[in-house]
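To start, the structure itself, in structure tokens.
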2 protein chains.
Amino acid sequence: MWLRIDSRSSTPMYQQMIDEIKARIAKGALAPQSRLPSIRELASDLMINPNTIAKAYQELEREGVIEVIRGRGTFVCREQEGAGGAVAASARAQVRDMLTRVLVEAHHVGIPLADVSRELEVLIAGWPEERGRYSDE
Amino acid sequence: MWLRIDSRSSTPMYQQMIDEIKARIAKGALAPQSRLPSIRELASDLMINPNTIAKAYQELEREGVIEVIRGRGTFVCREQEGAGGAVAASARAQVRDMLTRVLVEAHHVGIPLADVSRELEVLIAGWPEERGRYSDE
DNA sequence: GCAAGTGTATCATTCGATATAGTACACATA
DNA sequence: TATGTGTACTATATCGAATGATACACTTGC
């Protein structure tokens, strides 16, 4: 099974697909230009409606993550967004906002903020690769 | 106005209240034992239905963040969860999951992972206080 | 050309969460 | 006793998620 989806989760199935596919690309498990399963194929595989898959693919295309070629299929974009170029201020603000939420949550479950920082370091250290796309490192 | 809510946001109003109140507590802007506005008061203030406020308060009480005293009002708990005690493994897993999402998002908008780490350090450095509740620091 | 496989675009429908509206109840305080 | 507190319940309207079905435009291979 190419993908695993929890139909009873409170997060919509199409959103789960978006998150999972973006995660795989970010971690290098889905290489650029590689092909994704067809809508109908994935739909019958997961036993859900093709429209749900289509919605996820359309959103991923809108975000510039995948590329759709009519009649051929959907593929991971060869160049991910922002590579080498300037990063929008809104994008940085969004990341900062997400980090703030993590700190708030950590506080309420009793995790020291220093532990959050350490955990992030571990995650980054274990990150598959960035393939030297960023001159910053 | 005690609280500001965006009724047109995609995130439910009651969820916005939960997030904002938890953030204020975590940052020390809402001290333990301090009183929250009454349901009807806040409802007429925000010009929304009292049931929506009640839902937010009930969820916050379920999470152990606030304390409800019938006939008197709602108050911030004097002891936040996990203070000094053991932190559930599921809580740490949740924080790790949130951090992973941040890294995935950062990747797709072209922000170097090292920048995320730096941003987190800045946020922690500017965090109001932890009042020495954690022996870890 | 034709068949099969791709994504796209509709429509109608079901289902659950969100939010509103109104009413009634139990408790605490002055 | 009057007022203010949170709680509980029903009913209703709205919206997003998901399904089901159909039709269309395009690409590829026979």
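In what follows, every chain begins at residue 1, and chains take the letters A, B, ... in the order their sequences are listed. Fair warning: this is a prediction, and the values are worked out from it, not measured in the lab.
In this structure, B:W127 contributes its side chain and B:V122 its backbone to no donor-acceptor pair below 3.5 Å. A donor-acceptor contact shorter than 3.5 Å links the side chain of A:Q16 to the backbone of A:D6.
Counting all heavy atoms, side chain and backbone alike, B:C77 lies closest to B:P32 at O-CB, 3.5 Å. Shown here for B:A56 and B:I18, the closest heavy-atom pair between the two residues is O-CG1, 3.9 Å. Closest of all the heavy-atom pairs between A:A106 and A:V116 is CB-CG2, 3.5 Å.
As rounded to whole Å, 8 Å separates atom P of D:dT19 from atom CD1 of A:I53. If you measure from atom CD of B:E41 to atom C1' of D:dG6, you get 14 Å, rounded to the nearest angstrom. The separation between A:M47 atom CE and D:dG20 atom P is 11 Å, rounded to whole Å. Rounded to an integer number of Å, the gap from B:I39 CD1 to D:dT7 C1' is 8 Å.
Taking only side-chain atoms of A:K55, from C-beta outward, the nucleotide of D:dG6, D:dA18, D:dA17 with the closest atom is D:dA17.
Using a 4.5 Å cut-off on side-chain heavy atoms (C-beta onward), B:E59 and B:I66 make no contact.
Checked for salt-bridge contact, B:E63 and B:K22 meet the test: a charged N lies under 4.0 Å from a carboxylate O.
Shown here are the side chain to side chain contact (heavy atoms under 4.5 Å, CB included) partners of B:K55, two or more places apart in sequence or in another chain: B:Y14.
In the 5' to 3' direction, nucleotides of DNA chain C lying under 4.0 Å from heavy atoms of chain B begin and end at C:dT18 to C:dT29.
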Polar pairs (N or O, both sides) under 3.5 Å between protein and nucleotides 8-13 of chain D?
none

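B:E121 and A:S117 are linked by a side-chain donor-acceptor pair at a separation below 3.5 angstrom, with hydrogens and angles left out of the test.
Side-chain heavy-atom separations under 4.5 angstrom define the hydrophobic clusters, and the remaining members of the one that includes B:I69 are B:F75.
Residue pairs meeting the side-chain hydrogen bond (donor to acceptor under 3.5 Å, both in side chains) criterion with at least one partner in residues 29-45 of chain A, sequence neighbours excluded, are A:Q33-A:R78.
In this structure, A:I48 reaches the sugar-phosphate backbone alone: every heavy-atom distance under 4.0 Å involves primed, P, OP1 or OP2 atoms, never a base. Within 4.0 Å of A:E61, counting heavy atoms only, lie sugar-phosphate atoms of the nucleic acid but no base atom.
Within the structure, a side-chain polar atom (N or O) of A:R72 is placed less than 4.0 Å from OP1 or OP2 of D:dT28.
The residue among B:A54 and A:G71 whose nearest nucleotide of DNA chain D is located toward the 5' end is B:A54.
Proximity of residues 4-24 of chain A to DNA chain C (heavy atom under 4.0 angstrom from any strand atom) is not detected for any residue.
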